[in-house]
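Each remark here refers to the structure printed beneath this line.
What you are looking at is a predicted structure, and each value in this text was computed from that prediction instead of being measured. Within every chain, numbering begins at 1; the chains are lettered A, B, ... in the order of the sequence lines, protein sequences first and strands thereafter.
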Amino acid sequence: MPELPEVETVRRGLAPTMEGALVDAVELRRADLRFPFSEGFGSDLAGRKILSLGRRAKYLLIDLEEDRTVVAHLGMSGSFRIEAGGVSSGKGEPETPGEFHHPRSKDEKHDHVIFHLQTESGPQRVIYNDPRRFGFMHLINRRHIDRYPAFESLGPEPTGNSLSADYLASRFAGRKQPLKTVLLDQKIIAGLGNIYVCEALWRSGLSPERAAGTLVTKAGEASDRLVLLTQKIRDVIADAIAAGGSSLKDHIQTDGTLGYFQHSFSVYDREGHACRTPGCAGTVTRITQAGRSTFYCAVCQT
DNA sequence: ATGGTACCCTGAGAGC
DNA sequence: TGCTCTCAGGGTACCA
C-alpha cells in the first residue's frame, strides 16, 4: 500500500494510539526485514515515550524521547494494525467491530514487529506485518536525520507548496528520459509511486513516454503543460490522502477500514477499459517502462 | 551522468 | 486439486 497517501493514512491512523504512549517493549519476531535490525533496536526503545509520528515521502517517522527516531518503510506489502491488550495473549481481544469490520489478517506468521505500548486507554499493541519483507526499520539519532542516507538526496514533497513548476523545469531540462521514469525518481519528487504517477499523467493529458525535457522551454522555463502537470500531481496526492489512500487487494488501514481512492482510479489497473476523459473514445492500455507497468490512454495522453 | 536490467520476497490469480 | 507462470504499491545494485 505504500505510496505517500497510504503512508500518510497510516501515520494518521497510528498517531492517536502511539503519540504520548510509553513503549513497554518491542518484540522482534525475526532478526531482519529487508535489512537486519540494528543491535539493541528493541531494547533501546523500551522505556521511552513516543513524542509524535511524522512522515517524509514514503517513510514513517516515530519520534521518541532523547532524539530517537524510528525510520520505517513499508516496502510493497507492509502494514500496521492496532490491537488492544497487553503483552502475551496472541489471540488478541475482540476488536470493536466498526462499520467496515474486516476479518483479522490470516497471516499472523508475517507479524514481524510488535510494539507493546502503555497508553491512556490501557495497553495496546501496534503490529507490523509484511509478507514480502521489502520494508525495514532503522533507529537513528534525530539530530542527524538529514544525514540519513535515504533522505540526503530526496526531492521535495508533492504536498503543500514544496513542489513548483519552476523546480521541475530545472530538473527536467535536457532530460530524454520518459516522464513516467522521471516522476518515479524519488530524488526528483519524493513520495510518488506507480499508481499516482499514472493517474497524474492521465489527469494532465501527458504521455508517460514523452521525454521530460520536452516540457521545458528553450529559455529553461516551465511550459504550460508542465505547470498543469505540477498542479495535477498535487491534486491527485491531496485527493488520495482525503480518501484515506488506496486499498489494493484486501489491504486494511490501521483501524480496519479501507481507503477508497482505488475507486477513483482513471487508468491504473484499468487495462482494456474505456478512457474516462470526457469525449475521448480511447481505451486504457498497459505498457512496461523500467520494468513496471504503466497504464495510460494513447488517444488523449500525448 | 544516463538508461536499462536483475533482484530482494511471498502470495494471488490465471491458465492448463 | 495442483502445478507453473506472471504479476504486484518499492528501492538498490550493477551493468553498458
Side-chain angles (χ1 to χ4, degrees), chain A residues 1-11 29-36 55-60 71-80 105-112 128-138 148-155 158 170-201 208-213 236-237 240-241 243-253 258-265 267-272 286-295:
Chain A
M1 53 158 343
E3 297 183 39
L4 188 158
E6 290 72 41
V7 179
E8 177 62 19
T9 299
V10 168
R11 189 193 69 76
R29 294 279 183 86
R30 49 179 299 131
D32 62 80
L33 292 171
R34 178 170 181 175
F35 306 115
R55 180 192 57 73
R56 176 77 174 97
K58 303 172 189 173
Y59 297 81
L60 181 71
V71 178
H73 195 290
L74 304 180
M76 293 275 269
S77 59
S79 65
F80 284 94
S105 162
K106 45 205 177 267
D107 296 326
E108 282 188 9
K109 64 177 174 180
H110 297 305
D111 289 349
H112 303 311
Y128 178 70
N129 181 286
D130 189 355
R132 295 178 71 179
R133 301 201 306 275
F134 286 175
F136 54 86
M137 292 185 198
H138 284 140
Y148 181 71
F151 292 167
E152 277 187 325
S153 54
L154 215 49
S170 72
R171 300 301 302 264
F172 285 11
R175 288 229 190 199
K176 294 176 183 166
Q177 277 176 292
L179 283 172
K180 172 73 187 306
T181 307
V182 171
L183 293 177
L184 276 179
D185 186 344
Q186 303 298 297
K187 294 191 285 299
I188 294 179
I189 302 177
L192 297 185
N194 211 30
I195 292 174
Y196 298 113
V197 167
C198 290
E199 295 297 315
L201 286 171
E209 296 187 287
R210 168 181 285 275
V236 76
I237 292 297
I241 291 174
S246 304
S247 301
L248 300 193
K249 307 281 168 58
D250 61 348
H251 196 92
I252 58 176
Q253 306 298 348
L258 293 164
Y260 52 88
F261 190 76
Q262 66 276 12
H263 302 304
S264 302
F265 289 168
V267 285
Y268 186 82
D269 206 21
R270 292 195 65 243
E271 182 181 16
R286 186 176 78 148
I287 60 174
T288 298
Q289 292 179 287
R292 319 272 310 266
S293 286
T294 296
F295 298 89

In the strands shown, is C:dG9 matched to any nucleotide by a Watson-Crick or G-U wobble pair with both distances under 3.5 Å, and which?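 The answer is none; no pair meets the criterion.
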Strand partner of B:dG4, provided both Watson-Crick or wobble distances fall under 3.5 Å: C:dC14
Using distance alone, with no hydrogens and no angle criterion, decide if [X] and [Y] have a side-chain donor and acceptor under 3.5 Å apart.
| X | Y | answer |
| --- | --- | --- |
| A:Ser153 | A:Lys187 | no |
| A:Ser246 | A:Tyr268 | no |
| A:Asn129 | A:Ser79 | no |

Output the rounded distance in Å from [atom1] ([X]) to [atom2] ([N]).
| X | N | atom1 | atom2 | result |
| --- | --- | --- | --- | --- |
| A:Phe136 | B:dC9 | CZ | P | 16 Å |
| A:Asp269 | C:dT6 | CG | P | 19 Å |
| A:Phe35 | C:dG11 | CZ | P | 11 Å |
| A:Leu183 | C:dG9 | CG | C1' | 16 Å |
| A:Arg286 | C:dG9 | CZ | P | 10 Å |
| A:Lys180 | C:dG10 | NZ | C1' | 12 Å |
| A:Arg56 | C:dG10 | CZ | C1' | 16 Å |
| A:Phe134 | C:dT12 | CZ | P | 13 Å |

Starting at the 5' end of DNA chain C and moving along, which residue's nearest nucleotide shows up first, A:His73 or A:Phe295? A:Phe295
Whether the side chain of A:Arg175 engages the backbone of A:Arg171 through a donor-acceptor N/O pair (distance < 3.5 Å, no angle test) should be reported.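 Pair found, side chain donor or acceptor close to backbone of A:Arg171.
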Between [options], which nucleotide has the shortest distance from any of its atoms to the side chain of [X]?
| X | options | answer |
| --- | --- | --- |
| A:Ser293 | C:dC7, B:dC9, C:dG10 | C:dC7 |
| A:Tyr268 | C:dG10, B:dG11, C:dA8 | C:dA8 |
| A:Glu3 | C:dT12, C:dG9, B:dG11 | C:dG9 |
| A:Pro131 | B:dG11, C:dT12, C:dC7 | B:dG11 |

Suppose you measure atom P in C:dC7 against the same atom in B:dT5; what distance do you get, rounded to whole Å?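 Roughly 14 Å separates the two P atoms.
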What distance, rounded to whole Å, do you find between the two P atoms, one in C:dC14 and one in B:dC9?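 About 16 Å, rounded to a whole number of Å.
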Is there, by distance only and without an angle test, a donor paired with an acceptor across the side chain of A:Arg133 and the base of B:dC9 below 3.5 Å?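 Counting by modelled atom types and ignoring angles, no donor-acceptor contact under 3.5 Å is found here.
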Can you find a donor-acceptor N/O pair under 3.5 angstrom joining the side chain of A:Arg132 to the base of C:dA8?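 Flag set: donor-acceptor pair detected.
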Can you find a side chain N or O atom of [X] that sits less than 4.0 Å from OP1 or OP2 on [N]?
| X | N | result |
| --- | --- | --- |
| A:Gln186 | C:dG10 | no |
| A:Lys109 | B:dT10 | no |
| A:Arg292 | C:dG9 | yes |
| A:His110 | B:dC9 | no |

Taking the six-membered ring for Trp, are the ring centroids of A:His138 and A:Phe35 within less than 6.0 Å of each other?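 Between A:His138 and A:Phe35, the centre distance is under 6.0 Å.
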Hits for salt bridge (charged side-chain N to carboxylate O under 4.0 Å, His left out) against A:Glu8, two or more places apart or cross-chain, chain-then-number order -> A:Arg11, A:Arg12, A:Arg55
Set of side-chain contact (heavy atoms from CB on, under 4.5 Å) partners for A:Phe151, sequence neighbours left out: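 Here the qualifying residues are A:Arg56, A:Tyr59, A:Leu61, A:Val71, A:Ile145, A:Tyr148, A:Leu154.
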Steps toward ring-ring contact (aromatic ring centres under 6.0 Å, His included) verdict (A:Tyr128, A:Phe136): CA-CA 10 Å; A:Tyr128 178 70; A:Phe136 54 86; 9.9 Å; no
Nucleotide N/O to protein N/O under 3.5 Å, stretch nucleotides 2-4 of chain B:
from  : atom 1 : to       : atom 2 : distance (Å)
B:dG3 : OP1    : A:Gln177 : N      : 3.1
B:dG3 : OP2    : A:Gln177 : OE1    : 2.5
B:dG3 : OP2    : A:Gln177 : NE2    : 3.0

For A:Gly193, report the nucleic acid contact type (base, sugar-phosphate, nothing); a contact means any heavy atom under 4.0 Å. sugar-phosphate
